[in-house]
Amino acid sequence: MMMKTLCVLVLGALVVGCHLDKLVSGSGGPHPTSTAPPVALVFMVKPQNTQVGQKINPAVQVSVVDSAGVPVAGADTTTVVIQLGANPPGNAILGGTTSAHPSRGVATFGNLWIDKAGNGYTLIAHMSGLPDTTSQPFNVTPPPPTTGSITVTTSTTGLDVDLNGYTVTVDDTINQSIATNSNGVTFSGLSAGNHPVVLSDVASNCSVTGGNSRTANVTAGDTTPIAFSVTCTAIPPTTGDLTVTTNTSGSDLDPDGYTVTVDQAASQPIGTTSGSATFPSLPAGNHSVALSGVAANCTVSGANPRTVSVPAGGNATTGFSVTCTALPPTTGDLIVTTTTGGSDLDPDGYTVSVAGSSQPILTNGSVTFFGLPAGTQSVALSGIASNCTVSGANPQTANVPAGGTGHADFAISCVAPDHPPVVNAGGNQTVLFGSVTVNWSFTDPDNDAPWTYSIDWDDGSSLQTGTTSTQGPRSATHSYGLNLVGTHNVRVTVSDSQGLSDSDTAVITVVASLAPPSGH
């Protein structure tokens, strides 16, 4: 039964196709109609290529046909709806009247249009109760252009070419910068017709061949080229150079050189002797030249500042001669000494600091600071061990004579530092639960009696404490019950009369029974 149905449908499609060819290709006049049931929708007049926003012409027609492909007159009360199928841009809109009632079985859509260009559009015809049908592909082209463009190029030759380029203006309002030699700048979206094009900002030593104004005839959809040829000539020099030299003699010459300034604006450093500084491209004419930064013991010969004439395209020179006299000394030296006595002297010495400068110095030593400003200086000794004390002021004040040597002496005394006692908690033991004896001892190199001691048996009991006036070995006994089998860290702590202390730990392992010796 399914095979028979398939054959009938295929045969029906062939018949419909044949009849439609006759209907479309037949002579004019009313086409024949059928009263048979409708079975399909057929594009009787297929959509043709069109432009964006233009009506699809001729009008699209969709027939409601029977199994023989003949339009069904009885379908005139139904509604055929047209919608976009393939939509190349994806967001195109089908405009116009998209639904119609058939007349003699044919629905006509006379004002359909699409708002975006694209290739491969299709239309889908739909009527309730019948399968949709899709049209052949068609294209929508953009509307013809209404504007055009102007491309302006420049070619510049000669000397002293304007490196800043030019400005090109269209219609007296639209401006763009353009290089002296440019492959083109483009003005788009111009209406068809004539447009004035002007090249401006041309340097005074340059001229535009044929003038700097052109008329461009713009054609819609096309680009009109405009070319400007510019020739430049050499600009005569308007500037010159100025070279300033210095020569200094005498004693105590200024070590950091001088500064030369032109017109109270441009400045350069210059050496004291055989110094030279050049100021290029100064405007031709007179210029004020001044030498500054001259030390107080030095004198400039001649006018300072002075006027120097700079020739156009040339180089002017002027030299300053400076004489210096010897300076009286303003600095001196300082010798710092240290003398340390007592016990446990600081093994790594000290550090002495003067006027922001520091040097290491031995516990009994001497160092010299050279070239200190003359006058009173603060001298500080640091890095002193805690068991040592400086006698007198620290820092102390020392006088540094101009051209001479001053002295600062520090006396330091040291005492032996106190030492904590040294505790030995006795050796580790393994014992049977019950009584255990710890043989502990301590020594104190300073013999700072009396000493206090405490024993922590590590079983939660109170500390065992006491006081003694003698050093040497001692013993202490403690009991561990059966419930305290395990390892206990017994800690012995001893403190001397100065508050210094030391601790040691013995590990006591309490067991329930002791294993017999091996081999027994």
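Only heavy atoms go into these numbers, but all of them, side chains included; no hydrogens, no water, no symmetry mates.
Judged purely by atom type and a 3.5 angstrom limit, Asp346 uses its side chain to pair as donor or acceptor with the backbone of Ala385. For the pair Asn111 (side chain) and Thr97 (backbone), a donor-acceptor distance under 3.5 Å is present. The closest donor-acceptor contact from the side chain of His287 to the backbone of Val262 lies at 3.5 Å or more, if one exists at all. The backbone N or O of Ser288 sits less than 3.5 Å from a side-chain atom of Asp263, completing a donor-acceptor pair. One N or O on the side chain of Asp160 and one on the backbone of Ile235 form a donor-acceptor pair closer than 3.5 Å. Distance alone, capped at 3.5 Å, places no donor-acceptor pair between the His31 side chain and the Gly105 backbone. Side-chain atoms of Ser182 do not come within 3.5 Å of backbone N or O of Thr154 as any donor-acceptor pair. A donor-acceptor pair under 3.5 Å is absent between the side-chain atoms of Asp502 and the main chain of Pro420, judged by distance alone. No donor-acceptor pair closer than 3.5 Å links the side chain of Asn139 to the backbone N or O of Asn49. Side chain of Arg306 to backbone of Gly319: a donor-acceptor contact under 3.5 angstrom is found.
To the nearest 0.5 Å, atom OG1 of residue Thr50 and atom NZ of residue Lys55 are 11.0 Å apart. Interatomic distance, Leu84 CG to Leu94 CG, rounded to the nearest 0.5 Å: 4.5 Å. Note that the OG1 atom of Thr272 and the CG atom of Leu253 stand 5.5 Å from one another [nearest 0.5 Å]. Going from atom CG of Asn304 over to atom OG1 of Thr299 covers 11.0 Å, rounded to the nearest 0.5 Å. One finds the CG atom of Leu463 at 8.5 Å from the OG1 atom of Thr493 (value rounded to the nearest 0.5 Å). Atoms NE2 and OG, on His195 and Ser149 in that order, are 10.0 Å from each other to the nearest 0.5 Å.
Under a cut-off of 6.0 angstrom, the local environment of CG in Asp256 is crowded, with over 12 non-hydrogen atoms contributed by other residues, nucleotides or ligands. In Gln136, the CD atom is crowded: over 12 heavy atoms of neighbouring residues, nucleotides or ligands sit closer than 6.0 Å. Within a 6.0 Å sphere centred on NZ of Lys116, heavy atoms belonging to other residues, nucleotides or ligands number more than 12.
The only member of Thr169, Ile178, Ile226 that meets side-chain contact (heavy atoms from CB on, under 4.5 Å) when paired with Leu199 is Ile178.
In this structure, Thr248 and Tyr258 have side chains that are in contact, with non-hydrogen atoms separated by less than 4.5 Å. Taking 4.5 Å as the limit, every side-chain heavy atom of Asn217 sits out of range of all side-chain heavy atoms of Thr215. In this structure, the side chains of Asn205 and Leu159 stay at 4.5 Å or more apart for every pair of heavy atoms. In this structure, the side chains of Phe43 and Thr133 come closer than 4.5 Å at one or more pairs of heavy atoms. Counting heavy atoms from C-beta outward, Thr156 and Cys232 have side chains that approach closer than 4.5 Å. Using a 4.5 Å heavy-atom threshold, the side chains of Ser276 and Thr243 count as touching. Two residues are said to be in side-chain contact when any heavy atoms from C-beta on lie closer than 4.5 Å; Phe187 and Val197 fail this criterion. In this structure, the side chains of Phe228 and Val202 stay at 4.5 Å or more apart for every pair of heavy atoms.
Closest non-hydrogen pair, Pro131 versus Leu41, comes out as O-CD1, 4.2 Å. Considering every non-hydrogen atom in both Val80 and Pro102, the closest pair reads CG2-CG, 4.0 Å. Taking both residues in full, the closest heavy atoms of Val322 and Cys298 are given as CG1-CB, 3.8 Å, listed atom of the first, atom of the second, then distance. When all heavy atoms of Thr351 and Ser358 are compared, the closest pair comes out as CG2-CB, 4.0 Å. In terms of heavy atoms, Asp241 sits closest to Ser281 at OD1-N, 2.9 Å. When all heavy atoms are compared, the tightest approach of Ser63 to Val106 is OG-CG2, 3.5 Å.
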Subject >> Criterion side chain to side chain contact (heavy atoms under 4.5 Å, CB included) on Thr246 and Val260, from CA distance to verdict >> reply: CA-CA 10 Å; Thr246 56; Val260 60; over 6 Å; no
Subject >> Residue pair Ser461, Asp459: steps toward the side-chain hydrogen bond (donor to acceptor under 3.5 Å, both in side chains) verdict >> reply: CA-CA 6 Å; Ser461 63; Asp459 62 353; 2.6 Å; yes
**OP:** List the steps and the verdict of side chain to side chain contact (heavy atoms under 4.5 Å, CB included) for Thr180 and Tyr166.
**Re:** CA-CA 7 Å; Thr180 52; Tyr166 315 119; 3.8 Å; yes
**OP:** Would you please test Thr151 and Thr186 for side-chain hydrogen bond (donor to acceptor under 3.5 Å, both in side chains) and show each step?
**Re:** CA-CA 4 Å; Thr151 295; Thr186 300; 3.1 Å; yes
**OP:** List the steps, then state whether side chain to side chain contact (heavy atoms under 4.5 Å, CB included) holds for Thr239 with Leu282.
**Re:** CA-CA 5 Å; Thr239 63; Leu282 295 175; 5.8 Å; no
**OP:** Go through the steps for Phe369 and Val352 under the test side chain to side chain contact (heavy atoms under 4.5 Å, CB included), then give the verdict.
**Re:** CA-CA 10 Å; Phe369 291 83; Val352 61; 3.7 Å; yes
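For Ser204, the side chain to side chain contact (heavy atoms under 4.5 Å, CB included) criterion is met by no residue, not counting sequence neighbours. For Thr273, the side chain to side chain donor-acceptor pair (under 3.5 Å) criterion is met by no residue, not counting sequence neighbours.
Under 3.5 Å, the side chains of Ser135 and Thr122 contain no donor-acceptor pair of N or O atoms. Residues Asn247 and Ser321 have side chains that never bring a donor and an acceptor to within less than 3.5 angstrom of each other. Side-chain N/O atoms of Ser229 and Ser155 include no donor and acceptor closer than 3.5 Å. Between Thr141 and Gln51, the side chains place no donor N or O within less than 3.5 Å of an acceptor N or O (distance only, hydrogens not considered). A donor atom on one side chain and an acceptor atom on the other are found under 3.5 Å apart for Asp201 and Thr167.
Classification of the Tyr480-Trp457 ring pair by plane angle, with boundaries at 30° and 60°, yields perpendicular.
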